[in-house]
Protein chains: 2
Amino acid sequence: MDAQLKREVNLLHANVCQALADPTRILILYALGEAPRHVSELADSLEAPQSTVSRHLKVLRDRRLVTTARDGAGVLYSLADARVIDALDLLRAVLMSALSEQGELARRLS
Amino acid sequence: MDAQLKREVNLLHANVCQALADPTRILILYALGEAPRHVSELADSLEAPQSTVSRHLKVLRDRRLVTTARDGAGVLYSLADARVIDALDLLRAVLMSALSEQGELARRLS
DNA sequence: CCGCTACATCCGCACAACCGGATATCCGGA
DNA sequence: TCCGGATATCCGGTTGTGCGGATGTAGCGG
C-alpha cells in the first residue's frame with residue numbers, strides 16, 4: 001500500500017476523524033452549522049455541563065474545525081468549514097441505507 | 001436542541017463515525033474502495049497482524065460498511081457503500097484547508 | 001474423510017478518552 | 001481598580017478501545 005496515502009490518512013484521522021468520534025462534538029458542529037453560538041448557549045441546548053462543552057470545543061478548536069471570536073464578555077464559536085456538515089450528511093445517508101438494509105434483512109428472517 | 005436530531009446523531013456516531021475513528025480502518029476502506037480484497041491481502045498491504053485486521057473488519061462488518069462473500073478457501077471483503085469514500089475525500093479537503101491555514105499562520109508569525 | 005489454509009475470536013494488558021465538580025483565568029463595566 | 005459573569009483548565013476516577021499472540025472454527029482440495 002502507498003506509504004503516501006498512509007501518512008495522509010494518519011493526518012486525516014488525527015486531525016478530523018477523531019474529532020468526529022464523539023456524539024456531543026457532532027451535535028456541536030451541527031449547532032454551529034446553523035449559527036455561531038456562545039459556550040453557554042451550547043451547554044444549555046446540549047444539556048451538558050459547561051466544562052464538558054468547553055473541553056469538546058477545545059478539541060474542535062485545536063483541529064481548526066471551529067473558529068472563535070470574542071464577543072463582549074463571552075466567546076462566539078463558529079463553524080470553520082461548512083464542508084464538514086456536508087460530509088456528515090453524506091454519512092447520514094450511508095447510515096440510512098445500512099439501517100434500511102438491516103430492516104430488510106429482519107423482515108426476511110421473520 | 002431538537003431531541004430527534006440528538007437521537008439521529010447518536011446513531012450516526014455509533015454506527016458510522018466510530019468506525020472511522022481509527023486510521024487502520026480508514027485505510028481498509030480506501031483499499032476496498034479500489035477493489036474487493038481478502039483478509040490476508042489487507043494484512044499484507046497494511047503490514048498489520050492478521051488478528052488486528054480481522055478485528056477491524058469485524059467493526060466495519062457489524063456496521064454494514066463492508067460486505068463479505070466466500071471465495072474458495074477465503075473471504076472476499078467489499079466496500080458496501082461508495083459514499084463513505086466520498087465523505088472521507090470531503091474531509092480530506094477540509095483537512096487540507098485547515099493545514100494550509102495553519103501554514104499561513106506559521107508564515108505570518110515567523 | 002482428513003489435513004491444511006484462511007479466517008475469526010479469545011485473552012490479558014496498556015493506553016487513551018470522557019466525565020463533571022472544583023478551581024483558575026480573562027475581560028468589560030461600574 | 002475591583003467585581004462578576006463567561007470560559008478555560010485541572011483533577012481523580014472510570015470506561016472504552018486497540019494490540020497481537022494464542023487458540024478456535026470452517027470449508028476446500030486431495
Side-chain angles (χ1 to χ4, degrees), chain A residues 6 9-29 31-32 35-80, chain B residues 6 9-29 31-32 35-80:
Chain A
K6 279 191 188 176
V9 165
N10 277 332
L11 274 181
L12 178 63
H13 167 255
N15 287 282
V16 182
C17 291
Q18 208 161 47
L20 303 180
D22 182 286
T24 300
R25 285 198 291 268
I26 299 177
L27 284 170
I28 290 177
L29 290 171
L32 295 182
R37 320 246 190 212
H38 289 172
V39 179
S40 53
E41 285 182 272
L42 291 169
D44 283 350
S45 64
L46 297 178
E47 294 171 308
Q50 178 263 324
S51 72
T52 294
V53 172
S54 196
R55 183 164 25 79
H56 284 305
L57 284 170
K58 176 175 174 51
V59 173
L60 297 172
R61 200 184 340 120
D62 286 348
R63 289 166 175 72
R64 306 193 182 265
L65 296 180
V66 301
T67 60
T68 63
R70 249 224 182 260
D71 175 36
V75 176
L76 199 56
Y77 278 82
S78 314
L79 191 59
Chain B
K6 280 191 189 178
V9 165
N10 276 332
L11 274 181
L12 178 63
H13 166 255
N15 287 282
V16 182
C17 290
Q18 209 161 42
L20 303 181
D22 181 285
T24 300
R25 286 197 290 269
I26 299 177
L27 283 170
I28 289 177
L29 290 170
L32 295 182
R37 319 244 190 214
H38 290 172
V39 179
S40 53
E41 286 182 274
L42 291 169
D44 284 349
S45 65
L46 296 179
E47 295 170 309
Q50 177 261 325
S51 72
T52 295
V53 172
S54 196
R55 183 164 25 78
H56 283 305
L57 283 169
K58 175 176 174 50
V59 173
L60 298 172
R61 196 181 348 118
D62 286 349
R63 289 165 176 73
R64 310 198 179 260
L65 297 180
V66 300
T67 59
T68 63
R70 211 159 243 294
D71 174 38
V75 177
L76 199 56
Y77 277 83
S78 315
L79 190 61

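Quantities reported herein were computed from a predicted structural model and do not represent experimental measurements. What's counted below: heavy atoms across the whole structure, side chains too, no hydrogens, waters or symmetry copies. Below, read A as the first sequence line, B as the second, and so on, with proteins coming before strands; counting in each chain starts at 1.
- The shortest side-chain heavy-atom distance between A/Leu76 and A/His38 falls under the 4.5 Å cut-off.
- You can see that DNA chain C meets the heavy atoms of chain A within a 4.0 Å-exclusive cut from C/dA17 to C/dG28, reading 5' to 3'.
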Using nucleotides 14-17 of chain D, report all nitrogen or oxygen pairs with the protein that are shorter than 3.5 Å.
{"unit_1": "D/dT17", "atom_1": "OP1", "unit_2": "B/Gln18", "atom_2": "NE2", "d": "2.6"}

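- Annotation for A/Val53 and A/Ala48: closest pair CG2-CB, 4.0 Å, computed over non-hydrogen atoms.
- Considering only heavy atoms from C-beta on, A/Leu42 comes within 4.5 Å of A/Leu57 through its side chain.
- Shown here for A/Tyr77 and A/Leu32, the closest heavy-atom pair between the two residues is O-CD2, 3.4 Å.
- Contact check for B/Val66 versus B/Leu29: side-chain heavy atoms found under the 4.5 Å cut-off.
- In this structure, the separation between CZ on B/Arg61 and NE2 on B/His56 is 13.0 Å, given to the nearest 0.5 Å.
- Between the side chain of A/Arg70 and the backbone N or O of A/Ala73, at least one donor-acceptor pair lies under 3.5 Å.
- In this structure, B/Lys6 and A/Leu27 have side chains that are in contact, with non-hydrogen atoms separated by less than 4.5 Å.
- Using a 4.0 Å cutoff on non-hydrogen atoms, the parts of residues 40-55 of chain A near DNA chain C are A/Pro49, A/Ser51, A/Thr52, A/Arg55, ordered by number.
- Residues B/Arg25 and B/Leu20 have side chains not in contact (no heavy-atom distance under 4.5 Å, counting atoms from C-beta outward).
- In this structure, the NZ atom of B/Lys58 is 18 Å from the C1' atom of D/dG20, given to the nearest Å.
- Taking every heavy atom of both residues into account, A/Ala43 and A/Gln50 meet most closely at CB-CA, 4.2 Å.
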